Peer 1: 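Here's a structure for you.
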Amino acid sequence: MTLSLVLACLWVLVATVVGLLPEKFHWPGAYALIATGIPLVGFVTYQSGPVWGLIALAAGVSILRWPLIYLGRSLTKRRRSHSGE
């Protein structure tokens, strides 16, 4: 197993631990996971290929779904407010 896949597995374990912590640690943990996860997906893709990169991306999206949902909501609100609705 390559170093990038080992690091991705460790990232998933850290995400699990953050999820088990009290709620006040969820958002700071999510920010840290996003900051480390984006370069990690690139590293996995570089070292193991695009299929494993997409698998790592899907795993990250499934773990961090609520920050992505909130981002999507804020972007659609911003787009609606600029379009004059």
Side-chain angles (χ1 to χ4, degrees):
M1 192 178 317
T2 62
L3 174 65
S4 61
L5 291 176
V6 170
L7 291 174
C9 290
L10 287 174
W11 184 90
V12 169
L13 289 175
V14 169
T16 302
V17 170
V18 169
L20 294 173
L21 293 174
E23 280 191 40
K24 70 178 186 176
F25 297 111
H26 285 185
W27 280 105
Y31 294 138
L33 288 169
I34 291 167
T36 57
I38 291 172
L40 187 58
V41 168
F43 186 42
V44 168
T45 304
Y46 173 74
Q47 215 174 33
S48 301
V51 172
W52 284 106
L54 287 173
I55 291 169
L57 180 66
V61 167
S62 73
I63 290 171
L64 296 171
R65 64 187 169 274
W66 284 109
L68 289 171
I69 289 170
Y70 288 134
L71 175 66
R73 287 179 184 168
S74 69
L75 289 176
T76 56
K77 282 182 187 177
R78 209 175 290 158
R79 189 173 21 180
R80 285 183 194 153
S81 66
H82 290 313
S83 66
E85 290 182 14

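Since this is a predicted model, take the numbers as computed values, not measurements.
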Peer 1: Determine whether Val14 and Leu57 fall in the same hydrophobic cluster, where Ile, Leu, Val, Met, Phe, Trp and Tyr are linked whenever their side-chain heavy atoms lie under 4.5 Å apart.
Peer 2: no
Peer 1: Shortest non-hydrogen contact from Phe43 to Ser4?
Peer 2: CD2-CB, 3.4 Å
Peer 1: Restricting to non-hydrogen atoms, name the atom on Val18 and the atom on Phe25 that form the minimum distance, rounded to 0.1 Å.
Peer 2: CG1-O, 4.1 Å
Peer 1: What is the distance from atom CG of Leu40 to atom CG of Leu10, rounded to the nearest 0.5 Å?
Peer 2: 9.5 Å
Peer 1: Which value, rounded to the nearest 0.5 Å, describes the distance between Leu20 atom CG and His26 atom NE2?
Peer 2: 8.0 Å
Peer 1: To the nearest 0.5 Å, how far apart are OG1 in Thr45 and CD in Gln47?
Peer 2: 10.5 Å
Peer 1: Taking Thr36 for its side chain and Leu33 for its backbone only, find out whether a donor-acceptor pair lies under 3.5 Å.
Peer 2: yes
Peer 1: For side-chain contact (heavy atoms from CB on, under 4.5 Å), just list the numbers for Cys9 and Val6, CA-CA rounded to whole Å, side-chain angles, deciding distance to a tenth of an Å, and then say yes or no.
Peer 2: CA-CA 5 Å; Cys9 290; Val6 170; 5.7 Å; no
Peer 1: For a side-chain contact (heavy atoms from CB on, under 4.5 Å) check, start with the C-alpha distance between Trp52 and Thr2, then their side-chain angles and the critical distance, and finish with the verdict.
Peer 2: CA-CA 11 Å; Trp52 284 106; Thr2 62; over 6 Å; no
Peer 1: Does atom CH2 of Trp27 have more than 12 heavy-atom neighbours from other groups under 6.0 Å away?
Peer 2: yes
Peer 1: Following the transitive rule for hydrophobic clusters with a side-chain heavy-atom cut-off under 4.5 Å over Ile, Leu, Val, Met, Phe, Trp and Tyr, establish whether Leu7 and Ile34 coincide in one cluster.
Peer 2: yes
Peer 1: For Ala56 versus Val44, what's the shortest heavy-atom pair and its separation?
Peer 2: CB-CG1, 4.1 Å
Peer 1: Check whether Leu5 and Val51 end up in the same hydrophobic cluster, where Ile, Leu, Val, Met, Phe, Trp and Tyr are linked by side-chain heavy atoms less than 4.5 Å apart.
Peer 2: yes
Peer 1: When clusters are formed by joining ILVMFWY residues with side-chain heavy atoms under 4.5 Å apart, either directly or through shared neighbours, do Tyr31 and Tyr70 land in the same one?
Peer 2: yes
Peer 1: Tyr46, Val41: one ILVMFWY side-chain cluster at the under-4.5 Å cut-off?
Peer 2: no
